[in-house]
Amino acid sequence: MDDREISGILIHWYEKNKRELPWRETGDPYLIWISEIILQQTRVAQGLDYFNRFVQRFPDVRSLAEVDEDEVMKYWQGLGYYSRARNLHAAAKQIVDSFDGVFPRTREDILSLKGIGDYTAAAIASFAYQQPYATVDGNVYRVLARLFDLEMPIDSGEGKKYFTELAQSLLDERHPDLFNQAMMEFGALQCVPKSPACDSCPLNGKCLALASGRVEQLPVKNGKTMVKPRYFNYLHIRGQGKTLLSKRTGNDIWRNLYEFPLVETASPVSWGELQQVAGFNTLFGGMTGINVKREFTAKKHVLSHRVIYAVFYEILVDAFSPAMQKYLQVPDEEVGNYAVSRLVQSYLEKRETLLF
DNA sequence: AACCCGGGGGG
DNA sequence: CCCCCAGGGTT
C-alpha cells in the first residue's frame, strides 16, 4: 500500500470533517499543551468547558506558575486523574525556572517537563512547531491495527514500539501537524471503537481488517485491571458554623483534594459498628452525646480500577474534640471553595437539594 | 513489566 | 446495568 496515498486520504478527509476547536486555531505551545493534557483520557465534549475556563484563568505559563496549587486544582475539579493538574503546575514552574518562561522547542526539552510523555511531546512539537514526530494515541493504535490487520497487543512494550515506528513511517513530513490531527480525528470520528461505519469509510478499500472481518476485534489489548472494593465512612462534622475538612495525602486516589474526616474500613460497617472502630474513637475520644443529624445510605462510586462504597454521616457537635484540632475548620459557607472529588461533590449537591 | 490514577458515554 | 476508554508516573 502506498503510504502517501494513505496520508493524502486522511488529510483530505480531515479537511472536510474536522471539528472546529479552540486549540486548533492557535500555534501557541502553551494553549496546545493545556489542551493535550486535558484531552488525555478525556473526551472533547467533556474537556472543552474545562479548557476554556482554565486558559481564561491561566492565559500563559507565568500566570499558571505563580499561583498556589490549590487554585489549579479548583479548575481541575471533577475532571479526574488529578496528577495531570499537579504535573501541569509543576511543569509551568519548570518552564519559568529552567527555560526563562519560554515554552521549550526541542523534543528533548519538551519531554523533560513533568506530565509530558512521548505522545504529548510529539503533539506539541508537531502542532506548535511543525516538527516531524508522529503522535501515537489510542486513536492511532486503533486505526493502524485495523488498516494493517495487526494483532500485536498495543499495551506491550513491543507493541508500543512497533506501532510508533509504523506511524512515524506513514507521517507526511511536509505537514506533520495536519497528518497527526487527521489520523487522530479519523480515529475519534470515523474509525470508532464500536460499530464503525466502514461503508462510508474513505479507506475501506485499503483496510486489511475489514477484508479479514476482524475490525471489531482490533486493536488487541492484554490489560486486565482488577477492580477492588473500598469502604469509605465520611464524617461530615459541623459545629459553631464550622465544617471539618482535610487534604488527602500519600500515594492514593484524589491526592491533594479535600474531604471530610474519613474512616476507611475493610468491609461495610453500620453506624453502630463504626463507633467501635479505632479511627472513629480517636476522633471522638471523650465526647458524649454525639448527635447524628442525617445519614446517607451507601453510595457506590465506580472508578475504572476501584469501586468505593461510601456512607456520609452528618454530625453536629457543640465543640470540637482535641483530636479534631488537626483538621481544617472551614466556615460552612466556604466549603464550596475547596476542590473535592466527584464523590464528595455529589454528596454536597444532594444534601443541598434535600435541605431546600 | 506491572500497577496505579477518575470520570463519562454507549450498547 | 455492565462494558469500554487510555497517557504518564511510579515501583
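Chain letters run A, B, ... following the sequence lines, proteins first, then strands; residues in each count from 1. In this text, all values refer to a predicted model and were calculated from it rather than measured experimentally.
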query: A/I253 has a side chain; which of C/dG7, C/dC5, B/dC5 sits nearest to it?
result: B/dC5
message: Would A/R230 pass as a cation-pi partner of A/Y309, given that its NZ or CZ must be under 6.0 Å from the six-membered ring centre and within 45 degrees of the axis?
response: no
task: Using the P atoms only, state how far C/dC2 lies from B/dG6, rounded to an integer number of Å.
output: 23 Å
task: Using a heavy-atom cut-off of under 4.0 Å over every strand shown, decide if A/Q46 touches base, sugar-phosphate, or nothing.
output: sugar-phosphate
- prompt: Is the ring centre of A/F280 less than 6.0 Å from the ring centre of A/W271?
  reply: yes
- request: Check whether NZ of the Lys or CZ of the Arg A/R53 lies under 6.0 Å from the centre of the six-membered ring of A/Y50 and within 45 degrees of that ring's axis.
  value: yes
field: A/H301 side chain, from C-beta outward: closest of C/dT10, B/dC5, B/dG7
entry: B/dG7
message: Side chain of A/K114, heavy atoms from C-beta onward: which of C/dA6, C/dT10, B/dG7 has the nearest atom to it?
response: C/dT10
Side chain of A/D252 - closest among C/dC4, B/dC5, C/dT10: B/dC5
field: Phosphate-side-chain proximity, A/S341 and B/dG6, N/O vs OP1/OP2 below 4.0 Å
entry: no
- prompt: If pairing requires Watson-Crick or G-U wobble contacts with both distances under 3.5 Å, which nucleotide is the partner of B/dG6?
  reply: none
task: Remember a base hit wins even if backbone is also touched, and classify A/R142 as base, sugar-phosphate or nothing at under 4.0 Å, heavy atoms.
output: sugar-phosphate
task: From the options C/dG9, B/dG9, B/dG6, select the nucleotide whose nearest atom is closest to the side chain of A/N87.
output: C/dG9
- prompt: Can you tell which of B/dG6, C/dG7, C/dC5 lies closest to the side chain of A/Y119?
  reply: C/dG7
query: Of A/F312, A/Y347, A/Y327, A/Y313, which meets ring-ring contact (aromatic ring centres under 6.0 Å, His included) against A/H236?
result: A/Y347
- request: Tell me which nucleotide among B/dG7, C/dG7, C/dC5 gets nearest to the side chain of A/K221.
  value: C/dC5
query: Mind checking the P distance from B/dG11 to C/dA6? Whole angstroms is fine.
result: 15 Å
